[in-house]
Amino acid sequence: MNNMINSDRTLIKDILDKSLDLQVLNLKEVSALIDLHDREVWEEVYDAAHRVKEKVYGKRVVLFAPLYLSNECMNDCLYCGFRTGNKNAVRKSLTVDEAVQEAEFLSGKGYRRLLLVSSEHSKRTGLDYIEKVADAIYRRTDIRILHANTAPMRVAEFKRLKAAGIGVYQCFQETYHIPSYRYLHQTGTKADYASRLNVMDRAIEAGFADVGMGVLLGLYDWRWEVGALIAHSRRLISKYGFGPHTLSVPRLQPAEGSDVDFDTYRVSDEELKRIVAIYRLALPYAGVVVSTRESADLRDELLSKGASQISAGSRTSPWGYIEKGDTEQFEIGDNRSLEEVIAKLAAMGMVPSLCTACYREGRSGEQFRNLAENEKMKKFCHDNALLSLKEYIEDCCSGDVKEKLEKLLKAEISKSSNGLINKMKLVEQGKRDVHS
Ligand code: SAM
Ligand code: SF4
């Protein structure tokens, strides 16, 4: 802390203590973290972020995969491979049957939670289509919860999306900087900044207690974006009693047909680590999600800086799991399979989780926030994560990885109650979706 004056040191210490007490930070405190340059102090901030994550979520890391439904888009976001301006794109929208086949493929690998991702095309990817896809996946596969990152809707449409069984509605503001937003989204429905900004209010008013937010890092100065995202989250908390269920950290990737200068607002690896830690400390209860846009090594590291959820084994093109797929949205940085990611998490002393219990039990919104902030969440989560891992071991895994995971389970079960041991036996006997 040599090059910091004492008052700054005290301020940072107070901020970290407040986060460790699981309180939401105010904008002055967030700004102090954004402005912090001392590397030595950053090590303390990372340590606090990791401790906050462990206080709320314990050692578990939630795993999921995106299921891309379509790359046919009527918008022209300059950074995206699916934009109308990408004239070389090979376009495809999955049929409902194809979406089920992709979901079946993923459930065979062990996933139980999928994020439906879709471009925006009124004829191909409208709400009727998404309802049919969700209904068919729930009826015909072992997938237990679907989240959606799809085009913003009106309240009445969000009500239907919720009724279709979607758990989290996710939508990224992309950038809060209005001139940049206008430049990057010149045509189509997404050109309306205010409508995008109010999407979470509409989703919440329609009954979504869990919403996922984020900015696309690399479109504008990250310091501005991070402050704005936390300000937006705080506004939702004061209005509804809860804010985002998750904050994602998508970082701009090269994409076919992209027309964005990559370097002007490039976010370095070091800055990304700081952003993850700031999100964790600013909203202690929220999940912080890292996608396969990032490399394997960086993703592993971000887990010790406050990240709590990661996608794994992802493809970003429709039909990308069963075959190679057509035009992908952006390049992927971590090509490891789910099994490889699970093995690595276990080796790092974490508990990989394929659990969906909160959605089965209706723990969402304000209730979720209260449980998380009162440190009650990790008790459910730890046992449920172990039960989901047991299912994975029984159904999807073999050889060396199976052996390692069995060892991990044995060690964790030895510290647990009889209740958990009995539930494990039920899974061994073939019962599925056992949770508390
Ligand atoms: N079409 C909907 C929308 O734009 O909100 C949802 C799906 S879109 C495929 C999901 C997100 O991908 C976008 O919100 C954007 O942040 C992100 N994205 C687009 N192009 C990207 C790129 N080149 N690199 C990284 N992420 C990108
Ligand atoms: Fe379409 Fe979404 Fe890509 Fe924009 S970000 S071009 S809306 S898929």
Side-chain angles (χ1 to χ4, degrees), residues 66-87 89 91-94 114-122 124-127 129-130 147-153 158 161 166 168-176 180-181 183-193 195-200 202-203 211-220 222 225 229 246-262 265-267 272 289-295 311 314-318 320 325-334:
L67 171 44
Y68 275 71
L69 297 176
S70 173
N71 63 12
E72 295 187 88
C73 197
M74 296 166 89
N75 288 325
D76 196 28
C77 314
L78 297 188
Y79 43 82
C80 179
F82 296 171
R83 62 186 281 235
T84 49
N86 182 9
K87 298 299 178 205
R91 307 280 175 177
K92 179 170 178 68
S93 299
L94 298 185
L114 298 182
L115 172 67
L116 298 178
V117 183
S118 181
S119 51
E120 182 171 352
H121 193 293
S122 51
R124 305 266 190 252
T125 64
L127 180 57
Y129 165 76
I130 292 171
H147 302 321
N149 183 332
T150 53
M153 300 177 187
F158 271 130
L161 190 71
I166 300 301
V168 176
Y169 174 69
Q170 185 184 62
C171 184
F172 303 145
Q173 181 60 35
E174 318 299 11
T175 172
Y176 284 92
S180 301
Y181 188 95
Y183 170 71
L184 293 160
H185 309 96
Q186 294 173 22
T187 58
T189 52
K190 205 161 156 180
D192 186 342
Y193 177 90
S195 167
R196 186 98 176 164
L197 190 65
N198 291 328
V199 65
M200 292 310 170
R202 299 197 298 278
V211 292
M213 295 167 66
V215 283
L216 182 52
L217 298 162
L219 297 181
Y220 187 62
W222 69 266
E225 304 284 25
L229 178 60
T246 55
L247 291 176
S248 297
V249 288
R251 188 162 59 154
L252 189 64
Q253 302 300 315
E256 182 186 277
S258 165
D259 193 12
V260 168
D261 172 13
F262 222 66
Y265 295 115
R266 192 185 201 98
V267 171
L272 188 65
V289 187
V290 182
S291 75
T292 53
R293 289 171 179 86
E294 307 304 335
S295 69
S311 49
S314 307
R315 299 284 176 274
T316 67
S317 55
D326 295 316
T327 294
E328 60 181 8
Q329 195 194 8
F330 49 78
E331 290 174 17
I332 283 180
D334 180 354

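In listed order, ligands and their atoms are each counted from 1.
- Taking a heavy-atom cut-off of under 4.0 Å, ligand 1 is surrounded by Tyr79, Cys80, Val117, Ser118, Ser119, Asn149, Phe172, Glu174, Lys190, Arg196, Leu216, Arg251, Leu252, Gln253, Ala255, Arg293, Gln329, Phe330.
- Residues with a heavy atom under 4.0 Å from ligand 2: Cys73, Asn75, Cys77, Cys80, Phe82, Arg83, Ser119, Lys190.
- Contact record, Arg293 with Arg251: CD-O, 3.5 Å, taken as the closest heavy-atom pair.
- In this structure, CG in Leu67 is found 12.0 Å from CG in Asn149, a value given to the nearest 0.5 Å.
- At a cut-off of 3.5 Å, with distance as the only test, no side-chain donor of Ser70 or Ser118 sits close to an acceptor on the other residue.
- Here the closest heavy-atom approach between residue Thr189 and residue Asn75 is recorded as N-OD1, 3.1 Å.
- In this structure, CD1 in Ile332 is found 11.5 Å from CD in Glu294, a value given to the nearest 0.5 Å.
- When each of Arg83, Lys190, Lys87 is paired with Asp76, the salt bridge (charged side-chain N to carboxylate O under 4.0 Å, His left out) condition holds for Arg83 and for no other.
- Atom-to-atom distance recorded for His147:NE2 and Leu115:CG is 7.5 Å, nearest 0.5 angstrom.
- If you take CD on Gln170 and CG on Leu247, they are separated by 10.0 Å, rounding to the nearest 0.5 Å.
- What you find for Glu174 and Leu219 is that their closest heavy atoms are O-CD1, 3.7 Å.
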